[in-house]
Every structure is written in C-alpha cells, then in structure tokens.
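Data first, discussion second: the structure below is written as structure tokens.
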Amino acid sequence: DRSEFAKAILRIEKKLREIEALEQQQAEGKALAPLQLEKISKKDDLKAEVEENKVKEEEYQIELAKQKEIEEAKKREEEVAALKQQMQASQEMQSQMNRKGKGKGK
C-alpha cells in the first residue's frame, strides 16, 4: 500500500521520463510542438517536486515505523501484564493448596 507521496513520485518520474524522450527527439533534430516544449520547460520544477516528495515519503515512513514500534511495545506490555496476572493467580492457587494441605496434616 503506497503513500500519497510515493504515488506522487511515481507520477512525476513518469513525466520526467516523457520529458527525457522529448529531449532525445529534440536532440535528434525533430521539431517539437509548443506543448511539448512547454513540458520540457517544467523539467527542473518536476525534479524539485520529486525531491520534495522523497523527503516527505521518508518522514512518513519514519513516522510509520515509530507508530509500529509503539504498537509493538504496547502489545508486549499487555503480554507481560497477562503473564504477571497468570503467575499471581497460580501463586495464589498454590498458596491455597498449601494451606489446605497443612490443615489435613494436623
């Protein structure tokens, strides 16, 4: 499941590949239409946009990892609490059995 930043990066990189193809055509001497030239003129802005989205994606992934770590820590805490509760119940049961056993021996 990709984030909005990862999706934006893919969309922009696709535009940059298209621009590279247009630049190749231009280098080969092909005359480009005004809209194609306009597209080429946006190359630097698109590159900056990719970098900006890469930073945002990295921040997003870090935040996701932090959230996952917090959730895992909470789960471990719950497991420890459950084990402590089981141990306490077991100790109480053992204590009761010991008291009953001592009562029979008198």
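Excluded from the calculations below are hydrogen atoms, water molecules and symmetry mates; all remaining heavy atoms, backbone and side chain alike, are included.
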>> Please determine whether side-chain contact (heavy atoms from CB on, under 4.5 Å) holds for the pair K84 and M87, giving the CA-CA distance in whole Å, both sets of side-chain angles, and the decisive distance to 0.1 Å.
In response: CA-CA 5 Å; K84 284 181 179 180; M87 285 177 58; 5.6 Å; no
> If Ile, Leu, Val, Met, Phe, Trp and Tyr residues are connected whenever their side-chain heavy atoms lie under 4.5 Å apart, and connections chain through other members, are L64 and F5 in the same group?
Replying inline: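 In one cluster with L64: F5, yes.
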>> Hydrophobic clustering (ILVMFWY, side-chain heavy atoms < 4.5 Å, transitive) - are V50 and I40 grouped together?
In response: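 Yes, I40 and V50 fall within the same hydrophobic cluster.
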> Quick one: which of E52, E59, E58 gives a salt bridge (Lys or Arg N to Asp or Glu O under 4.0 Å) with K56?
Replying inline: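 That would be E52; it is the only one of E52, E59, E58 passing the salt bridge (Lys or Arg N to Asp or Glu O under 4.0 Å) with K56.
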> Does the side chain of E28 pick up a donor-acceptor pair with the side chain of Q24 at under 3.5 Å?
Replying inline: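 The answer is yes; a qualifying pair exists.
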>> Are more than 12 heavy atoms, taken from residues, nucleotides or ligands other than E69, located less than 6.0 Å from that residue's CD atom?
In response: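 Not more than 12 within 6.0 Å, no.
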> After noting the C-alpha distance and the side-chain angles of E92 and Q96, does the key distance pass the side chain to side chain donor-acceptor pair (under 3.5 Å) rule?
Replying inline: CA-CA 6 Å; E92 288 174 9; Q96 288 174 358; 5.7 Å; no
Nearest-0.5 Å distance that lies between atom [atom1] in [X] and atom [atom2] in [Y]:
X: E20; Y: R17; atom1: CD; atom2: CZ; answer: 8.5 Å
X: Q61; Y: E57; atom1: CD; atom2: CD; answer: 4.5 Å
X: K47; Y: E13; atom1: NZ; atom2: CD; answer: 11.5 Å
X: K66; Y: I62; atom1: NZ; atom2: CD1; answer: 7.0 Å
X: L16; Y: E23; atom1: CG; atom2: CD; answer: 9.0 Å
X: R11; Y: N53; atom1: CZ; atom2: CG; answer: 8.5 Å

Could you pull out the closest heavy-atom pair between [X] and [Y], with the gap in Å?
X: L46; Y: I19; value: CD1-CD1, 3.5 Å
X: Q36; Y: L22; value: NE2-CD2, 3.4 Å
X: L37; Y: Q26; value: CD2-NE2, 3.4 Å

>> A side-chain contact here means heavy atoms from C-beta on lying under 4.5 Å apart; do E77 and V80 qualify?
In response: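 Sidechains of V80 and E77: no contact.
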> Are any of the side-chain heavy atoms of L32 and K39 separated by less than 4.5 Å?
Replying inline: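 With C-beta onward as the side chain, the pair stays apart.
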>> Under a 3.5 Å distance rule, please check whether S41 uses its side chain to pair with a backbone N or O of E38 as donor and acceptor.
In response: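 Flag set: sc S41 to bb E38 pair under 3.5 Å.
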